Amino acid sequence: MPEAVFAGLSGREMPGFVDIQVNGGFGFDFTADPSSIWEVGAHLPRLGVTAFVPTVITSPPEVAVRALEVLAHGPPPGWVGARPIGLHLEGPMISPARRGVHPGAHIVDPDVALVDELVAAGPPLMVTVAPELAGCEAVVRRLADAGVVVAVGHSDAPAGVVREAATWGARHATHLFNAMSGLDHRNPGVAAAVLTHDHYTTGLIADGVHVAPDLLRLAFLTMGAGRIALVTDATSALGTRPGNHRLGDTELSIEGLEVRGPEGQLAGGAAPMAHLLGAMRRLECGWADLTAMTSTTPARIVGYVPDPGNRVLLDDDLGVAATAIAGEVVYRRAGS
């Protein structure tokens, strides 16, 4: 790491945040406009993020192909920002019963031909599927063979199916507890299998809205920082004022940190990564564990090796005072 990257500044220095589930931010939505990936990436350092995984929700295949093309083309000349590591396709092979705000019209049955199309266009870095759907085993195996991180999510599967999916190649879970079958003591579901099966890692939205503190603590005590990636699940509302936003075809309403769809269902996040870190800190997680959950674990999950000069400086209130990428300070808060 370059020495004295934040020379003259005081605060707690950490590796830059790696957020592996970002739907958009700063007024932009990747499903509606995949070309905005680089624009959002340019703004993310002010929130301490130095690398991220842009996420496209359930939508027609051409949206995913377009997003893969945007990444393949690379950034515009002179661009500086948080690096997009690769694309996460959250759907469209998910359970209608656990779709959340994902549009039902675009949900499809597991289809190896669709997977072949996506692999040829990219491949994507991560794909979220519901393993209980007929034909999903072949899809998971094809994705895993292509080096894609296969995540279980938006799923109503019983725990046994999730454990079996690990033998097909699934190894991650999308936003633990949310949009999945849970912890019923007689009929354990996805969440129970992920918590108790060492093969799985998971994303966890610790924004104070999506998961209650008791279950955040349960996840941490059960899985440890080496299996948990804090994720914002950020929507276009991240870094903007409250109001109306979109996630793909769906209108969203934002009040505080709550992002909801037209029927009142939760629809992604608006809290920055430092807010999630603060929530876990209040649960008495140590700094080594916080570093793991915000940087090293998510990077390992997606096979990303960060530049050692990717750093973030936090003030006493855990706000982002400065961010460096490859040893160069790219954001410094006014007055810091």
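Since this is a predicted model, take the numbers as computed values, not measurements.
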Worksheet item: Is there a side-chain contact (heavy atoms from CB on, under 4.5 Å) between Gln21 and Met126 once you walk through the steps?
Response: CA-CA 10 Å; Gln21 189 168 5; Met126 181 185 296; over 6 Å; no

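- By the side chain to side chain contact (heavy atoms under 4.5 Å, CB included) test, Ala191 is found to be paired with Leu176, Phe177, Met180, Leu183, residues two or more places apart in sequence or in another chain being considered.
- Looking at Asp156 and Pro96, their side chains never come closer than 4.5 Å, going by heavy atoms from C-beta outward.
- Side-chain N or O atoms of Asn310 include one that pairs as donor or acceptor with a backbone N or O of Ala326 at under 3.5 Å.
- Rounding to the nearest 0.5 Å places CG of Asp315 at 12.0 Å from CZ of Arg12.
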Which side-chain N or O atoms in residues 75-89 pair as donor and acceptor under 3.5 Å with protein atoms at least two apart or in another chain?
unit_1	atom_1	unit_2	atom_2	d
Trp79	NE1	Trp38	O	2.8
His88	ND1	Thr55	OG1	3.3
His88	NE2	Thr128	OG1	2.7

Item to complete: Might you work through the side-chain contact (heavy atoms from CB on, under 4.5 Å) test for Asp19 and Val231, ending with a clear yes or no?
Response: CA-CA 5 Å; Asp19 190 346; Val231 296; 3.9 Å; yes

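- Applying the salt bridge (Lys or Arg N to Asp or Glu O under 4.0 Å) test to residues at least two apart or on different chains, none of the pairs has a partner in residues 24-43.
- Scored by the side chain to side chain contact (heavy atoms under 4.5 Å, CB included) test, Pro262 finds Thr250, Gln265 as partners (sequence neighbours excluded).
- Judged by distance alone, with hydrogens and angles left aside, the side-chain atoms of Ser295 form no donor-acceptor pair with the main-chain N or O of Thr291 at under 3.5 Å.
- Thr232 places no side-chain N or O within 3.5 Å of a backbone atom of Pro272 that could act as its donor or acceptor partner.
- Thr50 places no side-chain N or O within donor-acceptor distance of the main-chain N or O of Ile325, the cut-off being under 3.5 Å.
- When hydrophobic clusters are built by joining Ile, Leu, Val, Met, Phe, Trp and Tyr residues whose side-chain heavy atoms come closer than 4.5 Å, directly or via intermediates, Leu133 is not grouped with Val152.
- Residues Leu47 and Leu238 form a side-chain contact, since some pair of their non-hydrogen atoms from C-beta on lies under 4.5 Å apart.
- Taking both residues in full, the closest heavy atoms of Thr174 and Ala151 are given as OG1-CB, 3.5 Å, listed atom of the first, atom of the second, then distance.
- For Val40, the side chain to side chain contact (heavy atoms under 4.5 Å, CB included) partners at least two apart in sequence or on another chain are Phe26, Phe28, Phe30, Leu44.
- Leu276 contributes atom CG, which lies 15.5 Å from atom CZ of Arg281 (distance to the nearest 0.5 angstrom).
- Every pair passing salt bridge (Lys or Arg N to Asp or Glu O under 4.0 Å) that includes a residue from residues 128-154 is listed here, sequence neighbours excluded: Asp116-Arg142, Glu137-Arg141.
- With hydrogens and angles disregarded, a donor-acceptor distance shorter than 3.5 Å links the side chain of Arg227 to the backbone of Tyr200.
- For His154 (side chain) and Arg98 (main-chain N/O), a donor-acceptor pair under 3.5 Å exists by modelled atom type.
- With values rounded to the nearest 0.5 angstrom, Leu230 atom CG is found 6.0 Å from Met273 atom CE.
- Note that CG of Leu290 and CG of Leu283 are 9.5 Å apart. Values are rounded to the nearest 0.5 Å.
- A continuous path of Ile, Leu, Val, Met, Phe, Trp and Tyr side chains, each step under 4.5 Å between heavy atoms, connects Ile228 with Leu218, placing both in one hydrophobic cluster.
- Looking only at distances, no side-chain donor or acceptor of His210 sits under 3.5 Å from a matching main-chain atom of Leu204.
- In this structure a side-chain-to-backbone donor-acceptor pair under 3.5 Å is missing from Arg300 to Tyr304.
- At distances below 3.5 Å, at least one donor-acceptor pair connects side-chain atoms of Asn23 with backbone N or O atoms of Asp233.
- Here the shortest heavy-atom pairing between Pro298 and Ala292 reads CD-O, 3.2 Å.
- Put simply, the side chain of Leu216 reaches to within 4.5 Å of the side chain of Met280, judged on heavy atoms.
- Summarising the geometry, atom CE belonging to Met93 is positioned 9.5 Å from atom OG1 belonging to Thr58; distances are rounded to the nearest 0.5 Å.
- No side-chain donor-acceptor contact under 3.5 Å links Asp317 to the backbone of Gly319.
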Practice prompt. Dump the intermediate steps for side-chain contact (heavy atoms from CB on, under 4.5 Å) on Val194 and Met223, then the final yes or no.
Written response: CA-CA 9 Å; Val194 172; Met223 301 183 74; 3.9 Å; yes

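- Both Val53 and Ile205 sit in one connected hydrophobic cluster of ILVMFWY residues. Membership requires side-chain heavy atoms under 4.5 Å apart, directly or through other members.
- Hydrophobic clustering, with ILVMFWY side chains joined whenever heavy atoms are under 4.5 angstrom apart, keeps Val161 apart from Val140.
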